[in-house]
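The sequence lines fix the lettering, A, B, ..., with proteins before strands; numbering per chain opens at 1. All values reported here derive from a predicted model rather than from experimental measurement.
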There are 2 protein chains.
Amino acid sequence: MLIRTFVISLLSLGSIFVPAIALAADEPIQPIKEVKPKNPDMVELGKMLFFDPRLSKSGFISCNSCHNLSMGGTDNLQTSIGHKWQQGPINSPTVLNSSMNLAQFWDGRAKDLKEQAGGPIANPKEMAFTHELTVSVLSSIPQYQARFKKLFVTDKIDMGMVTTAIAAFEETLVTPDSRFDKWLKGDKQALSQTELEGYKLFKESGCTGCHNGAAVGGGSFQKFGIFETYKTMNKAEGRFAVTGNDDDRFVFKVPTLRNVELTYPYFHDGAVETLEEAVDTMGRIELSRKFTKEENAKIVAFLKSLTGKQPELTLPILPPSTKGTPKPKPFE
Amino acid sequence: MLIRTFVISLLSLGSIFVPAIALAADEPIQPIKEVKPKNPDMVELGKMLFFDPRLSKSGFISCNSCHNLSMGGTDNLQTSIGHKWQQGPINSPTVLNSSMNLAQFWDGRAKDLKEQAGGPIANPKEMAFTHELTVSVLSSIPQYQARFKKLFVTDKIDMGMVTTAIAAFEETLVTPDSRFDKWLKGDKQALSQTELEGYKLFKESGCTGCHNGAAVGGGSFQKFGIFETYKTMNKAEGRFAVTGNDDDRFVFKVPTLRNVELTYPYFHDGAVETLEEAVDTMGRIELSRKFTKEENAKIVAFLKSLTGKQPELTLPILPPSTKGTPKPKPFE
């Protein structure tokens, strides 16, 4: 009797869990895994640096200005605002789940988050600072000095340490537990019928050809405008800027669709405000498919189920500057 | 015997604690009290609004941009950066402990935090938005709508509700438990000999004539430049702008000295970078006293003991805009 009950229990468990696991493995999208930081002190230092506007010439712009963690890791602007209110050339991609990208920036010119992190700091149109001054600022502040010393066992801060710490923080910025992920993991109640139909359409139409994996994108470079040229005022030419190869014109990194409800406006030029229009455009120019209004609504409903648990962050308290700290120069 | 022990115990207790309590009451500075929010939901809404850049025309500037809670509630700039990188007319005062001020802004033109909060939003040199658009933005976002409805029991958001919520959040931004407050409460080890001597000098020289109370300032308007004219390029004339009274020229609200180590640069023109220089100037122009280098160092040491426990805040997650949300116009 005991044995029989045990067997039945196993079978009933099986009927709930086994197909769910099998299902997730068969799907083109995988759930996002929680990240347990290997080195919490490194992550904390990276968070401080991410929020510190003293990494800009003006003392006003931090990483968080354009990758705002209150707003899906973006600034929700068409293109970003840089030093002296310069208009950025391209839409700021989300920092959320960005560790899953095959490379960083829309054109993939940085191989990873560490390489990316140094870019905007020294870009005259963005934070307009220099790596030398970044190191001088941090070296002049005893509390930063002590943190770097503890982590890197040296008295001499360098830019490699700065970007290592920022990247370590960014690697923790993942968004698990979206309703879609709950569904993937077997909770069949997590999605509505409309959302499920949207997902089915998303797969069958070929969207998952590029938007796949845990990040639902970020895994490949693709031509933007396969069946139809994408009309834009934006001058970015994508991978061509990196490779010089004519075939790479208008080839961009496929953006993640995780939290896409929060990361408007859309595309590298940030020209599209709504998911409805983004889905319509993608169908037309990438798949040569005109979605009906009903199909469009279903796909949009599915996309909104990709909003995950946003990182819960305690605002860092930054140590004060000292007499030796290079002063911000906002109006020079 | 029991009675005798009891009496002795009381006496020994007295020798430790009674003078401490008496001391705090006799001092011109009182400890900051912790704030227990009366309405946590109101505070949470206020925090969201404080961090939401959609309360600016550009969608880029929030209250936290210039009153950065990672940096002592200031931007640590001489004068702030506003819409389209306009240079602000005056140094941004800290939002920390600002509920204790007798009025808000350097010239006290707003009677309280609620009245203050609407100012920068609509100031064309700061957030450059309008109150009408603020209400339209918030009304277009269902999650904001629901929060206002729950708190104000109405479907119609108005600016009074917005500023009520922001003020409620700001009232929680107090910084208790500084080393100086621990000393005031009886922990005689909390201050070093130098800091104590600095405090003695601070009192005896007359600094506490204006810098007193729990906020060590904020309780009165005073002429800036009593014994000597303060030389500045800054055009602000203080209370005169509010009252039109000639006697009010260069009369400003006395700033709080709580967390003054974090709120550099100093004075309404933000022209002074170091506490040493600030103390020297204040001695000269307000007290006709030239502090020696040693005296100056002692007062500065005391001032640094006023840095309290900074508010520990979870970064708010802001709800996304909708199709009905007025779009930010950063470059118009």
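Put simply, of A:Lys84, A:Glu273, A:Met71, A:Lys327, the one with the most heavy-atom pairs under 4.5 Å next to chain B is A:Lys84. Contact tally against chain A (heavy-atom pairs below 4.5 Å) for B:Ser321, B:Pro265, B:Pro319, B:Ser65: the top residue is B:Ser321. Chain A forms the most heavy-atom pairs under 4.5 Å with one residue out of B:Ile317, B:Asp75, B:Ile81, B:Asn76, and that residue is B:Ile81. Listed options A:Glu261, A:Gln310, A:Gln87, A:Met48 were ranked by heavy-atom pairs under 4.5 angstrom with chain B; first place goes to A:Gln87.
Between the side chain of B:Thr79 and the backbone N or O of B:Gly88 there is at least one donor-acceptor pair closer than 3.5 Å. Judged purely by atom type and a 3.5 angstrom limit, B:Ser70 uses its side chain to pair as donor or acceptor with the backbone of A:Pro316.
Interface remark: B:Pro328 contributes side-chain atoms only to the contact with chain A (heavy atom separation under 4.5 Å). Both the backbone and the side chain of B:Thr314 come within less than 4.5 Å of a heavy atom of chain A. Heavy atoms closer than 4.5 Å to chain A are found in both the backbone and the side chain of B:Ser58. Contacts of B:Leu69 with chain A are made by both backbone and side-chain atoms, with heavy-atom separations under 4.5 Å. In this structure, chain A has no heavy atom under 4.5 Å from any part of B:Leu275. In this structure, chain A has no heavy atom under 4.5 Å from any part of B:Glu277.
Side-chain N/O atoms of B:Ser62 and B:Asp52 include no donor and acceptor closer than 3.5 Å.
Legend: residues meeting side chain to side chain donor-acceptor pair (under 3.5 Å) with B:Lys323, ordered by chain and number and at least two apart, are A:Glu276.
In this structure, A:Lys298 does not pair ionically with A:Glu295, as no charged nitrogen and carboxylate oxygen lie closer than 4.0 Å. Contact check on B:Asp181 versus B:Lys309 returns no salt bridge, with no Lys/Arg side-chain nitrogen under 4.0 Å from an Asp/Glu carboxylate oxygen.
A side chain to side chain contact (heavy atoms under 4.5 Å, CB included) with B:Asn259 is found for exactly one of B:Thr74, B:Asn97, B:Val216, namely B:Asn97.
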